[in-house]
Amino acid sequence: RLDEARAVLARAAAAARQVELEITFEPAAFGRAEVPRVPRHFSGASRLGQGDGKAFMNAFADPERGLRSLIVACEGDTRVAETLFQALCALAGTTPRTAD
């Protein structure tokens with residue numbers, strides 16, 4: 001079976017050498033640079049972080065659901081959500097998981 005697999009791989013490699021691929025790069029169309037909006041949970045507009053912060057940490061530092069919750073709270077801005085999630089997990093001493 002190993003010989004068959006090697007033969008198939010050799011045929012695929014030979015076929016791949018016959019393909020010509022052309023890649024054209026174009027300048028990126030950059031929009032206006034903006035500082036990301038601060039989600040209301042991290043501003044003074046939310047009471048979730050008041051007190052000892054347990055409710056806040058339960059909502060956003062949970063390794064299973066925290067990142068998804070933060071993405072929603074950040075209105076889909078995954079850059080901000082992932083940065084905040086990593087920081088909250090570090091504070092909570094938990095291991096962060098990636099978004100599904």
Side-chain angles (χ1 to χ4, degrees):
R1 293 192 91 161
L2 185 57
D3 289 336
E4 288 178 29
R6 286 183 177 149
V8 169
L9 182 59
R11 286 194 301 273
R17 286 190 283 277
Q18 303 302 316
V19 174
E20 184 176 317
L21 178 65
E22 182 178 318
I23 300 174
T24 305
F25 292 94
E26 297 178 4
F30 292 105
R32 185 172 54 113
E34 296 178 353
V35 175
R37 186 183 77 73
V38 176
R40 72 175 190 82
H41 299 296
F42 298 93
S43 69
S46 173
R47 293 204 169 113
L48 190 57
Q50 290 185 347
D52 61 6
K54 284 182 185 175
F56 182 83
M57 294 301 277
N58 287 338
F60 298 116
D62 178 85
E64 299 291 330
R65 300 177 312 272
L67 181 55
R68 286 189 299 269
S69 298
L70 275 170
I71 291 171
V72 171
C74 294
E75 296 179 353
D77 191 335
T78 56
R79 298 170 305 143
V80 173
E82 287 173 355
T83 300
L84 292 170
F85 183 61
Q86 296 288 332
L88 288 172
C89 286
L91 288 171
T94 59
T95 304
R97 299 202 181 169
T98 58
D100 297 332

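Only heavy atoms go into these numbers, but all of them, side chains included; no hydrogens, no water, no symmetry mates. All of these numbers come straight from a predicted model, not from anything done at the bench.
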Scanning both residues in full, the closest heavy-atom pair of A61 with C89 reads O-SG, 3.8 Å
For the hydrophobic clusters of this structure (ILVMFWY residues joined by side-chain heavy atoms under 4.5 Å, transitively), does one cluster hold both L21 and F25?
-> yes
| L91-F60 co-clustered via ILVMFWY side chain contacts under 4.5 Å | yes
dist L67:CG -> L84:CG (nearest 0.5 Å) comes out at 10.0 Å
Taken to the nearest 0.5 Å, the spacing of D77 CG from E82 CD works out to 9.5 Å
Distance col, row Q86:CD vs L88:CG, nearest 0.5 angstrom, shows 10.0 Å
Heavy-atom closest pair (E22 atom, T24 atom, distance to 0.1 Å) is OE2-OG1, 3.8 Å
